[in-house]
Amino acid sequence: MSHPLTYPGRLPPGAGLLADDRFLPMSEEAGPLGGWRVRSGSREARLADHLAGLGAGPLEARHPVVAVGSNAAPGQLRRKFAAAGIRPVVPLTPATVHGVAPGVSAHVSRNAYLPAAPIRVPGSSLLFVVWVDDTQLAALDATEPNYLRLPLPPRSFPVTLSSGEALPSCHVYAGQHGCLVDEEGEPLRLAPQPELIGRLLARSVKLRRLFGRTPEEFVTRARQDDGTREAAHALFRSDGLADPGAGLAGELSRYTAWSFG
C-alpha cells in the first residue's frame, strides 16, 4: 500500500495457509483439499486438522474466490482482515482458471496504482483461489467498492486445483469500470506497474499533462486528491485508453440473471 509501483504485492510461490502473522507452505495431495499437508516448522498436518487446531472455520463453511490482483498476496489479506478486526486464517491454493486472466481496471485506486480486473481470454491462467468464511467474505466485499463479486459458471469458466480437483462453484471480483485496452482495442494484461503506467503515459499527451511523464510522478499526483483520479477515469475513456464494456462484469451478470430467472 505504501509502495504502489509494487502492486499487486508479494505473491506466494505456491499453496499455503495464511495463519495470523505467518504463511505456512502447503503441499497438494490426491483427493479433496482437506487432505493437503500444511507444514509448520518440523510439524506437518492435514489442512482440515490444522484449521480445526486453530479454531478456524472448516473448508465446508468457506467460499472459494479467484484472486486476479492483490487478494492473492497474503500480506494484503492480513491487512484487510486486521483492519476489520477479523482473524486472518485463510488457505490459498493455485488453480487453473479457463477463460480468465488478470486485466487492468479502467480506474486509478486511491492508493495510486492501476488495479487488476478479470478479462475473458482464450486458454487458461494459473491463479490463486482464496478460501474465506462468511465473515471474511463480507470483509473482502467491503474492500472492493469498484467491483462486483459474481459467480464463475463452471461450464464456461472451469476452475481446477493443481491437484486436479474441479471446483463446483467459485466467485470472482469483476470490475465495474471496464478495462484498459491497447492500441487495437484489446484488453491489456496485468503487468508491472512501471511498465503499465509508462505505456499509458507514452500514448496520451493529456494523461502526461495530468500525471507527469514518469510512473513516479504518476503515483505522486494520483495520491494528491480524488479529483485527479476521477479525471483519469474520464480521460481513459475519452482518449481511447479504455473500453467500458471490457471485462467480465457484464457477461457474468447475464449468467447470473439467466441462472436465477
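Treat the numbers as computed from the prediction; the structure is a model and nothing was measured. Positions are given from 1 along the sequence. Any value given below was found using the heavy atoms of this structure, including those in side chains, with hydrogens, waters and symmetry copies removed.
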Task: Check: Val90 main-chain N/O paired with Gln136 side-chain donor or acceptor under 3.5 Å - done: no
Open item on the list: Working to the nearest 0.5 angstrom, can you tell me the gap between Leu33 CG and Leu47 CG?
Closed with: 5.0 Å
Task: 4.5 Å side-chain heavy-atom contact, Leu150 and His171 - done: no
Task: Flag if over 12 foreign heavy atoms under 6.0 Å of CZ, Arg110 - done: no
Task: Check: Leu127 main-chain N/O paired with Ser125 side-chain donor or acceptor under 3.5 Å - done: no
Task: Pro91 to Arg62 - nearest heavy-atom pair and separation - done: CD-NH1, 3.8 Å
Task: Hphob cluster co-occupancy, Val132 + Leu54, side-chain heavy atoms under 4.5 angstrom - done: no
Open item on the list: With rounding to the nearest 0.5 angstrom, report the CG to OG distance, Leu180 to Ser105.
Closed with: 7.0 Å
TODO: Sorted by first residue and then second, give each side-chain hydrogen bond (donor to acceptor under 3.5 Å, both in side chains) pair with at least one member in residues 157-167; sequence neighbours left out.
DONE: Glu28-Ser162
- [ ] Just do the side chain to side chain contact (heavy atoms under 4.5 Å, CB included) check on Leu18 and Leu92 with the steps written out, would you?
- [x] CA-CA 7 Å; Leu18 172 62; Leu92 287 86; 4.3 Å; yes
Open item on the list: Is there a side chain to side chain contact (heavy atoms under 4.5 Å, CB included) between Phe236 and Leu200? Walk through the geometry before answering.
Closed with: CA-CA 9 Å; Phe236 286 157; Leu200 292 176; 4.3 Å; yes
- [ ] Find out whether Leu137 and Val65 are in side-chain contact, i.e. whether some heavy atom of one side chain is under 4.5 Å from a heavy atom of the other.
- [x] yes
Task: Cluster check Phe128, Val97: I/L/V/M/F/W/Y, side chain < 4.5 angstrom - done: no
Open item on the list: Closer than 3.5 angstrom, by distance alone: can the side chain of Arg46 be matched with the main-chain N or O of Trp36 as a donor-acceptor pair?
Closed with: no
TODO: Check the side chains of Asp133 and His63 for a donor-acceptor pair under 3.5 angstrom, ignoring hydrogens and angles.
DONE: no
Open item on the list: Is there a path of hydrophobic side-chain contacts, each under 4.5 Å between heavy atoms, that joins Ile119 and Leu188?
Closed with: no
- [ ] Kindly say whether Ala116 contributes a backbone atom to a donor-acceptor pair with the side chain of Tyr7 at under 3.5 angstrom?
- [x] yes
Open item on the list: For Asn146 and Tyr173, which I'm curious about, is there any donor-acceptor pair between the side chains at under 3.5 Å?
Closed with: no
- [ ] Heavy atoms only: give me the nearest Leu5-Pro194 pair and the separation to one decimal.
- [x] O-CD, 3.6 Å
Task: Worked verdict on Leu252 versus Leu148 for side chain to side chain contact (heavy atoms under 4.5 Å, CB included) - done: CA-CA 10 Å; Leu252 294 182; Leu148 295 171; over 6 Å; no
Open item on the list: Check this for me, if you would: do Glu29 and Arg37 make a salt bridge, where the nitrogen-to-carboxylate-oxygen distance has to be below 4.0 angstrom?
Closed with: no
Open item on the list: Under a 4.0 Å threshold between the charged nitrogen and the carboxylate oxygen, would Glu251 count as salt-bridged to Arg120?
Closed with: yes
Task: Interatomic spacing from CZ in Arg199 to CD in Glu183 - rounded to 0.5 Å - done: 5.0 Å
Open item on the list: How long is the straight-line distance from OG1 of Thr143 back to CG of Asn71, given to the nearest 0.5 Å?
Closed with: 6.0 Å
Task: Spacing of OH belonging to Tyr147 relative to CG belonging to Leu248, to within rounding of 0.5 Å - done: 12.0 Å
Task: Test item: Ser204 and Leu241 side chains (from C-beta on) under 4.5 Å apart, heavy atoms - done: yes
- [ ] For the residue pair Leu51 and Leu59, establish whether any side-chain heavy-atom pair is separated by less than 4.5 Å.
- [x] yes
TODO: Verify the distance criterion only: is there a donor paired with an acceptor across the side chains of Trp131 and Thr93 at less than 3.5 Å?
DONE: yes
Open item on the list: When you group the ILVMFWY residues by side-chain heavy-atom contacts below 4.5 Å and let the links chain together, are Val89 and Leu140 in the same group?
Closed with: no
TODO: Over all heavy atoms of both residues, which pair between Leu167 and Pro64 is shortest? Give the atoms and the distance, please.
DONE: CD1-CB, 4.1 Å
Open item on the list: Is any side-chain heavy atom of Phe81 closer than 4.5 Å to one of Thr135?
Closed with: no
TODO: Taking all heavy atoms of Pro74 and all of Pro12, pick out the closest pair and write down the distance.
DONE: CD-CD, 3.6 Å
Task: Atom CZ of Arg203: over 12 foreign heavy atoms under 6.0 Å - done: yes
Task: Path from Val66 to Leu190 over hydrophobic side-chain contacts below 4.5 Å - done: no
Open item on the list: Give me the atom names and distance for the closest heavy-atom approach of Ala95 to Val159.
Closed with: CB-CG1, 3.8 Å
TODO: Give a yes or no on whether the ring-centroid distance for His177 and His107 is below 6.0 angstrom.
DONE: yes
Open item on the list: Between Glu216 and Arg221, does any NZ, NE, NH1 or NH2 come within less than 4.0 Å of an OD or OE carboxylate oxygen?
Closed with: no
Task: Residue pair Arg22 / Ser40, side-chain donor-acceptor N/O under 3.5 Å - done: yes
Open item on the list: Is any side-chain heavy atom of Phe218 closer than 4.5 Å to one of Pro4?
Closed with: no
Open item on the list: Less than 4.5 Å apart, side chain to side chain, heavy atoms only: is that true for Val104 and Cys179?
Closed with: no
Open item on the list: Just so I know, are the side chains of Glu144 and Arg149 near enough to count as touching, which here means a heavy-atom distance under 4.5 Å?
Closed with: no
Task: Donor-acceptor under 3.5 Å (Thr6 side chain, His3 main chain) - done: yes
Task: Nearest heavy-atom neighbours spanning Arg208 and Leu201 - done: NH1-O, 2.6 Å
Open item on the list: Tell me whether Glu186 contacts the main-chain N or O of Asp182 through its side chain, where contact means a donor paired with an acceptor under 3.5 Å.
Closed with: no
Task: Chi angles and distances behind the side chain to side chain contact (heavy atoms under 4.5 Å, CB included) call for Thr228, Asp225 - done: CA-CA 6 Å; Thr228 301; Asp225 59 70; 3.0 Å; yes
